[in-house]
Amino acid sequence: MTGIDPKEAASALSDIEQIVHRVRQSTIYNFASLMLIMWGALIFAGNIATEFWPRQGGYIWVAVNVLGCAGSFAVGVFESRRMRLHRFDLRVVAAFVLFFAFGILWSIALGHFTARQLGAFWPTYFMMLYTLVGLWVGPAFVAIGLGVTALTVIGYFFSGDAFNLWMAVANGGGLILGGLWMRRN
């Protein structure tokens, strides 16, 4: 019987660790891609609707967020069942609620933003989170976060009256493209 030497064992363990990392990242990217595509489509529709019915913008975005949260919950339940995860982590829900509450505090209670400023605040606020998550999870999150943020800032300063249309493409379309790109990784 021949034994395995320590170098071969270390190499095999390293290979296993890399495979586990890639599987974990693939699982996260798959889940995130579904969320990005769903939210991207909702945000695209919300910006288009706001362009045509600007006086109803507040109601439109409340509806977009309610549909997005319900869709996020549905995708989460579907994916957890598909992956046979039977654990529900209330901390994720609490983090989501706190994140939204902090954004609402600043955008409505303390910030007194205009509609255009709100249209730039929320995408950059969420993309900051994506960028930070990407530092731990994977570079696709960083690229999507920085890309959508850059496009939002460009649109804020240079799109003029077409800001909502710009944001439909830059934010909504950017999230959809990011989600499709993550499916490839």
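Between M167 and P123, the closest heavy-atom pair is CE-CG, 3.5 Å. Between Y130 and L36 the shortest heavy-atom distance is OH-CD2, 3.3 Å. The two residues A120 and Y156 have their closest heavy-atom pair at CB-CD1, 3.7 Å. The minimum heavy-atom distance linking S107 with L118 is given by the pair CB-CD2, 3.3 Å. The two atoms that bring S33 and G179 nearest to each other are CB-O, 3.1 Å, heavy atoms only.
To the nearest 0.5 Å, atom OG1 of residue T50 and atom CG of residue L165 are 10.5 Å apart. Note that CZ of F100 and CG of L105 are 14.5 Å apart. Values are rounded to the nearest 0.5 Å. Between the CZ atom in R91 and the CG atom in L98 there is a gap of 13.0 Å [rounded to 0.5 Å]. Here L129 contributes atom CG and T124 contributes atom OG1; the two are 12.0 Å apart, rounded to the nearest 0.5 Å. One finds the CD1 atom of I43 at 8.0 Å from the CG atom of N65 (value rounded to the nearest 0.5 Å). We find the CG-CG distance between N47 and L42 to be 11.5 Å, quoted to the nearest 0.5 Å.
Linking ILVMFWY side-chain heavy atoms closer than 4.5 Å, directly or via other members, places Y125 and I154 in two distinct hydrophobic clusters. Residues I48 and V66 are members of separate hydrophobic clusters, defined by side-chain heavy-atom contacts under 4.5 angstrom among Ile, Leu, Val, Met, Phe, Trp and Tyr. Linking ILVMFWY residues whenever their side-chain heavy atoms come closer than 4.5 Å, directly or via other members, places V133 and F102 in the same cluster. Cluster annotation: W136 and L146 are assigned to the same hydrophobic cluster (Ile/Leu/Val/Met/Phe/Trp/Tyr, side-chain heavy-atom contacts under 4.5 Å, transitive). L67 and Y59 fall into different hydrophobic clusters, where Ile, Leu, Val, Met, Phe, Trp and Tyr residues are linked whenever their side-chain heavy atoms come under 4.5 Å apart, directly or through other members.
Between M127 and T152 there is no side-chain heavy-atom pair separated by less than 4.5 Å. Looking at L132 and L135, their side chains come closer than 4.5 Å, going by heavy atoms from C-beta outward. At least one side-chain heavy atom of L151 sits less than 4.5 Å from a side-chain heavy atom of W166. Inter-residue side-chain proximity for I144 and W181 is flagged as met; some heavy-atom pair is nearer than 4.5 Å. Here the side chains of M182 and F141 are in contact, with some heavy-atom distance below 4.5 Å. Side-chain contact between N30 and R183 is present, with heavy atoms from C-beta onward closer than 4.5 Å. Between I37 and L180, the closest side-chain pair of non-hydrogen atoms falls below 4.5 Å.
For R116 (side chain) and G160 (main-chain N/O), a donor-acceptor pair under 3.5 Å exists by modelled atom type. Put simply, the side chain of Q117 gets close to the backbone of T114: a donor and an acceptor are under 3.5 Å apart.
Side-chain atoms of S72 and W39 include a donor-acceptor pair closer than 3.5 Å.
Of the candidates F126, W106, W122, F99 forms a ring pair (Phe, Tyr, Trp, His ring centres under 6.0 Å) with just one, namely F126.
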